[in-house]
Amino acid sequence: GPSGCDNACGSTLENDACGVCDGDDSSCTGCTNSDADNYDAGNTIDDGSCEITVPPATNLAATPGAARVSLAWDAASDSFTESSAGYTYDVYQDGVVVKSTSQTSSQITGLDSEIEYCFTVLAIHNQYGPSADQSNEVCATPEEAAGDPTWRIQLKAEIDSYDQFQ
């Protein structure tokens with residue numbers, strides 16, 4: 001009698017993992033992560049091909065202060081259901097990373113007044129990687145550090161003899 005999945009007499013064909021007679025598993029192989037752009041609910045075998053769009057940080061704003069610039073932005077907004085790993089944000093000053101934070105604000109200190117500094121923020125999903133896009137760019141010129149000048153004086157004295165100082 002028939003013995004294979006094709007019901008042919010003497011057949012030794014078997015169903016693949018996708019339930020296809022004499023198949024090669026390709027009909028159910030692909031991306032199985034529902035957070036991915038190329039997710040297919042019919043896939044049961046993950047082949048590592050998932051492509052996930054990580055959203056950027058948005059609405060970056062800069063507020064100048066004394067020798068500093070305070071930055072604030074809106075968190076990357078996603079609807080991921082497969083991962084709750086959260087985000088890290090890299091703060092770029094004139095194209096160079098100067099700080100990483102998990103917060104949605106940061107202060108960049110030690111800046112010179114009279115110089116305009118420009119900033120962007122890159123959202124990095126802690127499981128899926130960086131966004132393809134950085135935030136909007138903002139520029140600000142720090143204010144001069146205010147306050148009275150501070151003086152440091154070091155006084156050195158030696159005793160020459162009783163009641164005499166040199």
Side-chain angles (χ1 to χ4, degrees), residues 15-20 23-156:
N15 285 335
D16 68 3
C18 305
V20 175
D24 61 1
D25 297 341
S26 63
S27 65
C28 67
T29 298
C31 177
T32 61
N33 184 327
S34 63
D35 290 340
D37 305 332
N38 57 335
Y39 168 70
D40 182 340
N43 291 336
T44 56
I45 301 171
D46 196 278
D47 63 359
S49 68
C50 293
E51 297 170 6
I52 298 173
T53 299
V54 175
T58 55
N59 297 320
L60 177 61
T63 306
R68 71 187 66 228
V69 173
S70 297
L71 301 170
W73 56 90
D74 292 343
S77 175
D78 68 53
S79 54
F80 296 149
T81 58
E82 300 280 325
S83 174
S84 58
Y87 287 85
T88 300
Y89 299 96
D90 281 354
V91 178
Y92 285 77
Q93 174 184 314
D94 299 321
V96 177
V97 176
V98 293
K99 195 176 254 190
S100 289
T101 180
S102 60
Q103 306 300 313
T104 55
S105 63
S106 187
Q107 267 195 20
I108 309 301
T109 58
L111 302 176
D112 294 328
S113 60
E114 311 298 320
I115 296 176
E116 183 179 67
Y117 297 91
C118 295
F119 302 92
T120 56
V121 172
L122 178 65
I124 303 168
H125 189 272
N126 293 330
Q127 181 176 346
Y128 298 148
S131 171
D133 300 311
Q134 293 200 1
S135 70
N136 55 298
E137 181 180 66
V138 294
C139 299
T141 303
E143 299 161 4
E144 201 167 327
D148 295 328
T150 303
W151 300 95
R152 292 187 183 186
I153 299 174
Q154 182 176 1
L155 185 61
K156 185 177 180 182

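For V91 against I108, the heavy-atom pair with the smallest separation is CG1-CD1, 4.1 Å. In terms of heavy atoms, L122 sits closest to S131 at CD1-O, 3.5 Å. Annotation for A123 and A76: closest pair CB-CB, 4.0 Å, computed over non-hydrogen atoms. Nearest heavy-atom pair, A66 versus E144, reported as atom, atom and distance to 0.1 Å: CB-O, 4.2 Å.
Taking OG of S27 as the start and CG of D16 as the end, the distance is 5.5 Å to the nearest 0.5 Å. With rounding to the nearest 0.5 Å, the separation of SG in C28 from CG in D40 is 10.0 Å. Atom CG of D90 is separated from atom CD1 of I124 by 3.5 Å, given to the nearest 0.5 angstrom. The structure places CG of D37 at 7.5 Å from CD1 of I52, a figure rounded to the nearest 0.5 Å. In this structure, R68 CZ and L111 CG are separated by 9.0 Å, a value rounded to the nearest 0.5 Å. The structure places CD1 of I45 at 13.5 Å from SG of C31, a figure rounded to the nearest 0.5 Å.
At least one donor-acceptor pair closer than 3.5 Å links the side chain of D25 to the backbone N or O of A17. Of the possible polar contacts, none joining the K99 side chain to the Q93 backbone as a donor-acceptor pair under 3.5 Å is found. A donor-acceptor pair under 3.5 Å links the side-chain atoms of N126 to the main chain of A85, judged by distance alone. Side-chain atoms of N59 never come within 3.5 Å of backbone atoms of D74 as a donor-acceptor pair (strictly under, hydrogens ignored).
The side-chain heavy atoms of P56 and S135, taken from C-beta on, include no pair separated by under 4.5 Å. For the pair Y128/D78, no side-chain contact is recorded, criterion being any heavy-atom separation below 4.5 Å from C-beta on. No side-chain heavy atom of E51 sits under 4.5 Å from any side-chain heavy atom of S49. When side chains are defined from C-beta on, T104 does not count as touching Y87, because their heavy atoms never get closer than 4.5 Å. At least one side-chain heavy atom of T81 sits under 4.5 Å from a side-chain heavy atom of D35. Under the 4.5 Å side-chain criterion, counting only non-hydrogen atoms from C-beta, V138 is not in contact with W73.
Donor-acceptor pairing under 3.5 Å is lacking for the side chains of S106 and T101. With no hydrogens or angles considered, no side-chain donor-acceptor pair links T29 and D47 at under 3.5 Å.
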Checklist line | Chi angles and distances behind the side-chain contact (heavy atoms from CB on, under 4.5 Å) call for F80, Q127 | finding: CA-CA 11 Å; F80 296 149; Q127 181 176 346; over 6 Å; no
Next item on the list: Please report the C-alpha distance between D94 and Y117 in whole Å, then the side-chain angles of each, then the deciding distance to 0.1 Å, and finally whether the side-chain contact (heavy atoms from CB on, under 4.5 Å) criterion is met.
Entry: CA-CA 7 Å; D94 299 321; Y117 297 91; 3.7 Å; yes
Next item on the list: Kindly indicate, with the supporting measurements, whether the criterion side-chain contact (heavy atoms from CB on, under 4.5 Å) is fulfilled by S113 and E143.
Entry: CA-CA 5 Å; S113 60; E143 299 161 4; 5.9 Å; no
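More than 12 heavy atoms of other residues, nucleotides or ligands lie within 6.0 Å of CD in E137, so this atom counts as buried by the packing criterion.
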